[in-house]
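First comes the structure, then the notes that go with it.
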Amino acid sequence: MEGLAMLRQLIGQLQDLLHLYGSPPPPLPPSSPFHLLHLHQLPHPFHDHHRRWCFPNINDTSAEDYYSLVMAAGKSGNCKMLEPFKPPPSKRSRKERNRGKLPGSTPASEVMDQEIWKEFPEDLFEAVIARLPIATFFRFRSVCRKWNSLLESQSFSHHCAEIPQANPWFYTITHENMNVGAMYDPSTKKWHHPTISFLPAKMIALPVASVGGLVCFLDIGHRNFYVCNPLTQSFKELPARSVKVWSRVAVGMTLNGNSTNEGYKILWVGCDGEYEVYDSVKNSWSRPGSMPSNIKLPLSLNFRSQAISIDSTLYFMQSDPEGIVSYNMVSGVWKQFIIPAPIHLSDHTLAECEGRIMLVGLLTKNAATCVCIWELQKMTLLWKEVDRMPNIWCLEFYGKHVRMSCLGNKGLFMLSLRSRQMNRLVTYNVMSREWMKVPGCVLPRGRKRQWIACGTAFHPCLTATA
């Protein structure tokens, strides 16, 4: 046992030398009882700093086990090799890992010198913050009053305008909570549930159009229009319309310039040809003229399809005759295009992607149903199929009476597919031709998935004001 004690002491000294000088100890003579420890150096093609050493933990081993371990190592070379300077790996709790870490123990390279950072240009702060994800920005607003007031800063608005538009978000209304909206962010695949406090209680206001980060709501009971930014709650109730139309209307929005700072316009049109235009700069409705005689009335508007806007022109879908009706907000000119729809098509809606007019619909033949995407050919005014949902997904629709709603039409579409046995939400990216399943919409502290009734796509913009 005395020899074992000496052995432990000498091995401890060897370990201390190894950690202290960062290199293996000098070779021991063949007669040394520790010569076996050198049997585990790597072959000569490697340099000295690649050598690995084996130090058994004799504190947890009996004397007999220890001697057998050393002898076995010398014979077979199966002793576990450890990298120099690395103790045997052990799993520690988070409390143990954080023990001893003091606030002032941050490495020097990570310390932010206050004398330097206090001179950091303010406009660069705004440029960086403008590029944060939306959810992160709202957390950063709580840092200080100055950052909280960025939404009112003209320079911050300028920085936001310079950032390319990200994927649109979707503002939706659920069947179970017609007065509560749900916003879906496709970049994080998360649902948000904003409190739209400006809308009167017990009023059903449906999102009918959007532009520049603003969403237009229509009160289906009193026929009033509201415009708001769902992110910042910037809100405006539009003045009463001069034309009292109690039938359903189609609605579209366009910008006067590149952002809402230059104003926006809203157009509503009824099947009888009545229409009006709202100008946010003048804050009033006007009727620029009447529907031209070459356009067949009634319009037979497809109210399942929201209007799309390309530059300053709005496009509405009609069913009789099949085609599109357009209105230019600048020139005030109406046009009608007769475009036959693909056969076996149902639940179809207009969509748009980078100036191209798209069509999304269900193609049903016999018991098979599939979601298809078409693009309008400008020369022939015919629809050309450009993509369809993967067959493995369409198999789920086989033999079912499926209904579809297209909730967004700005390059990224959200499709609500439902039947008695099914409730699915899917997004389709026109540019990447990617189909993605959307997680179910569940209210906070709720368990039941919500059924999406209607919705619209909008590009999130922090500085858009109603």
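- Checked against a 6.0 Å centroid threshold, the rings of W169 and H192 count as neighbours.
- The salt bridge (Lys or Arg N to Asp or Glu O under 4.0 Å) contacts involving residues 456-466 comprise nothing, where partners must be two or more places apart or lie in separate chains.
- Remark: L301 engages A250, V269, C271, L299, F303, F316 in a side-chain contact (heavy atoms from CB on, under 4.5 Å) (not counting sequence neighbours).
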Cut-off 3.5 Å, no hydrogens considered: what does the side-chain donor-acceptor table look like for residues 385-392, sequence neighbours left out?
from	atom 1	to	atom 2	distance (Å)
E385	OE1	R388	NH2	3.2
E385	OE2	R388	NE	2.7
E385	OE2	R388	NH2	3.1
D387	OD1	R433	NH2	3.4
D387	OD2	Y428	OH	2.8
D387	OD2	R433	NE	3.4

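- The salt bridge (Lys or Arg N to Asp or Glu O under 4.0 Å) check on E352 picks up nothing, with sequence neighbours excluded.
- Residue pairs satisfying the salt bridge (Lys or Arg N to Asp or Glu O under 4.0 Å) criterion with at least one member in residues 300-317, sequence neighbours excluded, are listed as follows: R304-D347.
- At distances below 3.5 Å, not a single donor-acceptor pair connects side-chain atoms of T456 with backbone N or O atoms of V208.
- Take K437 and apply the side-chain contact (heavy atoms from CB on, under 4.5 Å) test, not counting sequence neighbours, and it matches W393.
- Take Y278 and apply the ring-ring contact (aromatic ring centres under 6.0 Å, His included) test, not counting sequence neighbours, and it matches W285.
- Checked against side-chain contact (heavy atoms from CB on, under 4.5 Å), S247 has the following partners two or more places apart in sequence or in another chain: V245.
- Partners of W383 according to the ring-ring contact (aromatic ring centres under 6.0 Å, His included) rule, which considers only residues two or more places apart in sequence or in another chain, do not exist here.
- Ring-centre distance between Y184 and Y171: not below the 6.0 Å cut-off.
- Within the structure, salt bridge (Lys or Arg N to Asp or Glu O under 4.0 Å) contacts touching residues 415-429 (residues at least two apart or in different chains) are E396-R424.
- In this structure a side-chain-to-backbone donor-acceptor pair under 3.5 Å is missing from E237 to N224.
- Judged purely by distance below 3.5 Å, without hydrogens or angles, the side chains of N167 and S187 never pair a donor atom with an acceptor atom.
- In terms of heavy atoms, A464 sits closest to G212 at CB-O, 3.1 Å.
- Not counting sequence neighbours, the partners of H401 by the side-chain contact (heavy atoms from CB on, under 4.5 Å) test are R403.
- The salt bridge (Lys or Arg N to Asp or Glu O under 4.0 Å) contacts involving residues 355-374 comprise R356-E375, where partners must be two or more places apart or lie in separate chains.
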Evaluate the side-chain hydrogen bond (donor to acceptor under 3.5 Å, both in side chains) criterion for residues S305 and N302: first the C-alpha distance (whole Å), next the side-chain angles of each, then the deciding distance (0.1 Å), finally the verdict. CA-CA 6 Å; S305 173; N302 180 354; 5.1 Å; no

